[in-house]
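One structure is given here, and the rest of the page talks about it.
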Amino acid sequence: MSRRAVLKAAAATAGAAAIPSALKAESRATEPVAPFKLKYAPHFGMFAAHAPDDLDQVRFAADEGFTAWEDNGMPGRGKEFQDKFAKLMQEKGMQMGIFVAHRIDWSNPTLTGGDKAQADAFVSDIKNSTELARRINAKWVTTVVGRSHPGLPVGYQFANVVDTLRRACEVCEPTKMTMVLEPLNWRDHPGMFLSTTDMCYAVVKAVNHPCCKILQDLYHLQIAEGNLIDHMNRAWDEIAYFQLGDNPGRAEPGSGEVNYRNVFRHIHSRGFQGILGMEHGKTQGGKEGERKLIDAYRAADSF
């Protein structure tokens with residue numbers, strides 16, 4: 001599942017909150033379920049077979065022991081839904097993860113090219129997102145710096161990206177909203193300026209601001225570089241957020257080649273208090289597939 005597909009799916013479900021909930025969330029839990037050791041964050045649509053209504057999916061997730069949520073498409077959901085969502089999250093004691101904070105041009109260079117109009121638009125989007133982050137109690141927002149510029153040496157591109165991110169950090173400061181930069185793999189997103197941990201780390205170090213950190217999407221990075229735990233350790237001081245998905249297939253832990261139980265054990269051992277977004281699909285549909293996904297997280301979280 002590509003990021004474009006995830007965003008498309010999020011937009012398609014944006015109106016679902018207006019549908020009356022004919023069925024309440026179905027949970028196996030007749031007694032309270034122990035929360036997961038780490039803050040895994042599902043997204044809308046992940047538990048739709050058990051809970052047709054979007055907000056009931058949040059309730060279902062809470063009943064199953066999840067303590068966080070994320071939604072790429074939250075900016076398009078409307079203030080009424082956002083307010084209801086924030087109230088429910090507070091009631092359930094859940095923490096909000098990322099949403100996508102700016103428009104993304106997947107076809108053309110943006111921040112790398114040094115174009116002032118593009119940089120201004122990016123900074124404006126980030127500023128607008130600070131209000132939404134405040135409303136729904138979100139701390140982190142996904143940030144994509146875009147494609148490499150074929151007509152510029154890498155050093156100039158690097159400088160253009162850093163300059164724009166520093167400007168964006170200034171508008172984040174009043175609310176402490178944190179941009180988390182995401183490297184995207186070369187297979188699903190060819191030509192992106194950030195595709196590996198080391199380059200992302202270098203950019204964040206150059207920006208040198210607490211409102212600019214790293215989002216390590218372990219699906220992308222397993223494809224782009226592997227050696228997940230070592231890269232994690234090298235960049236640990238700048239990592240604020242993780243996203244998940246096994247490879248191949250971009251589905252739940254245990255469906256591919258990543259030993260997520262070891263990865264989660266390591267993240268937990270380092271005292272990580274942030275969120276691990278479940279930005280992936282399922283290997284099976286229906287309620288059975290949703291239960292399979294939950295059981296996969298229980299197995300990977302049992303360390």
Side-chain angles (χ1 to χ4, degrees), residues 1-30 33 35-36 39-100 136 138 142 217 219 243-246 249-256 260 275-301:
M1 183 186 291
S2 70
R3 177 171 292 283
R4 274 171 278 194
V6 171
L7 291 172
K8 184 177 179 182
T13 61
I19 301 173
S21 178
L23 297 173
K24 291 298 180 182
E26 298 179 30
S27 173
R28 68 178 171 189
T30 56
V33 172
F36 289 96
K39 298 176 185 177
Y40 310 114
H43 56 79
F44 294 112
M46 187 161 271
F47 301 129
H50 281 89
D53 177 79
D54 279 351
L55 294 180
D56 278 346
Q57 290 179 43
V58 178
R59 296 183 180 96
F60 173 82
D63 289 345
E64 292 292 336
F66 292 97
T67 56
W69 195 265
E70 71 173 25
D71 179 33
N72 285 332
M74 185 60 75
R77 290 184 176 274
K79 185 178 184 299
E80 182 180 357
F81 178 87
Q82 292 161 1
D83 289 342
K84 290 179 179 178
F85 170 78
K87 183 174 183 291
L88 176 60
M89 291 284 283
Q90 185 175 20
E91 290 172 355
K92 293 297 182 181
M94 298 176 75
Q95 189 173 5
M96 179 58 186
I98 58 90
F99 61 88
V100 175
I136 62 173
T142 301
D217 187 318
Y219 163 76
Q243 284 186 318
L244 311 170
D246 217 333
R250 200 169 189 177
E252 68 270 7
S255 60
Y260 265 112
I275 290 175
L276 299 89
M278 297 160 58
E279 195 189 41
H280 58 73
K282 301 183 288 286
T283 54
Q284 184 179 342
K287 292 181 180 179
E288 296 81 5
E290 293 174 6
R291 183 57 58 198
K292 181 180 178 182
L293 179 147
I294 295 168
D295 290 345
Y297 272 92
R298 282 293 172 193
D301 191 67

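The residues of the chain are indexed from 1 along the displayed sequence.
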Next on the checklist: Just checking Tyr40 against Tyr297, ring centres under 6.0 Å apart?
Outcome noted: yes

Item to check | salt bridge (charged side-chain N to carboxylate O under 4.0 Å, His left out) evaluation trace for Arg250 with Asp217 | outcome: CA-CA 11 Å; Arg250 200 169 189 177; Asp217 187 318; 3.6 Å; yes

Next on the checklist: Run Met46 and His280 through side chain to side chain contact (heavy atoms under 4.5 Å, CB included) and show every step you take.
Outcome noted: CA-CA 9 Å; Met46 187 161 271; His280 58 73; 3.9 Å; yes

Checklist entry - Between Phe81 and Phe85, what is the ring plane arrangement, given parallel below 30°, perpendicular above 60°, and tilted in between? => result parallel

Checklist entry - How far does OG1 of Thr142 sit from CG of Asn72, to the nearest 0.5 angstrom? => result 5.5 Å

Checklist entry - For the atom pair CG (Asp83) and CG (Leu88), what is the distance rounded to the nearest 0.5 Å? => result 12.5 Å

Checklist entry - Quick check: are there more than 12 heavy atoms from other residues, nucleotides or ligands sitting under 6.0 Å from CD of Glu91? => result yes

Checklist entry - Is there a donor-acceptor contact under 3.5 Å from the side chain of Lys282 to the main chain of Glu252? => result no

Item to check | Non-hydrogen side-chain atoms of Gln57 and His43 separated by less than 4.5 Å | outcome: no

Next on the checklist: Between Tyr260 and Leu244, is the side chain to side chain contact (heavy atoms under 4.5 Å, CB included) condition met? List the steps.
Outcome noted: CA-CA 9 Å; Tyr260 265 112; Leu244 311 170; 3.8 Å; yes

Item to check | Side-chain heavy atoms of Phe66 within contact of Lys92, under 4.5 Å | outcome: no

Checklist entry - With a 3.5 Å cut-off and no angle check, do the side chains of Gln243 and Glu70 form a donor-acceptor pair? => result yes

Checklist outcome for this item: Value for CZ (Arg291) from CZ (Phe47), rounded to nearest 0.5 Å, stands at 8.5 Å

Checklist entry - Any side-chain donor-acceptor pair under 3.5 Å between Thr67 and Gln95? => result no

Checklist entry - Donor-acceptor pair, Asp246 side chain versus Gly254 backbone, under 3.5 Å? => result yes

Checklist outcome for this item: Looking only at heavy atoms, the pair that brings Arg77 and Asp71 closest together is NE-OD2, 2.6 Å

Next on the checklist: If I compare all heavy atoms of Ile98 with all of Met96, which pair ends up nearest, and what's the gap?
Outcome noted: O-CE, 3.7 Å

Checklist entry - What is the distance from atom CZ of Arg298 to atom CZ of Phe36, rounded to the nearest 0.5 Å? => result 3.5 Å

Checklist entry - Is Lys292 salt-bridged to Asp295, cutoff N-O under 4.0 Å? => result no

Next on the checklist: Quick check: closest heavy atoms across Pro42 and Ala68, and the distance to 0.1 Å?
Outcome noted: CD-O, 3.2 Å

Next on the checklist: Using 0.5 Å steps for rounding, measure from the CD atom of Glu64 to the CG atom of Leu293.
Outcome noted: 10.5 Å

Checklist outcome for this item: Heavy-atom nearest pair, Val58 first then Met94, reads CG1-SD, 3.8 Å

Checklist entry - Does Gly285 offer a backbone N or O that forms a donor-acceptor pair with the side chain of Glu290 under 3.5 Å? => result no

Item to check | Smallest separation among heavy atoms of Gly286 and Ala49, with atom names | outcome: C-CB, 3.7 Å

Checklist entry - At what distance, to the nearest 0.5 angstrom, does CD1 of Ile275 lie from CH2 of Trp69? => result 12.5 Å

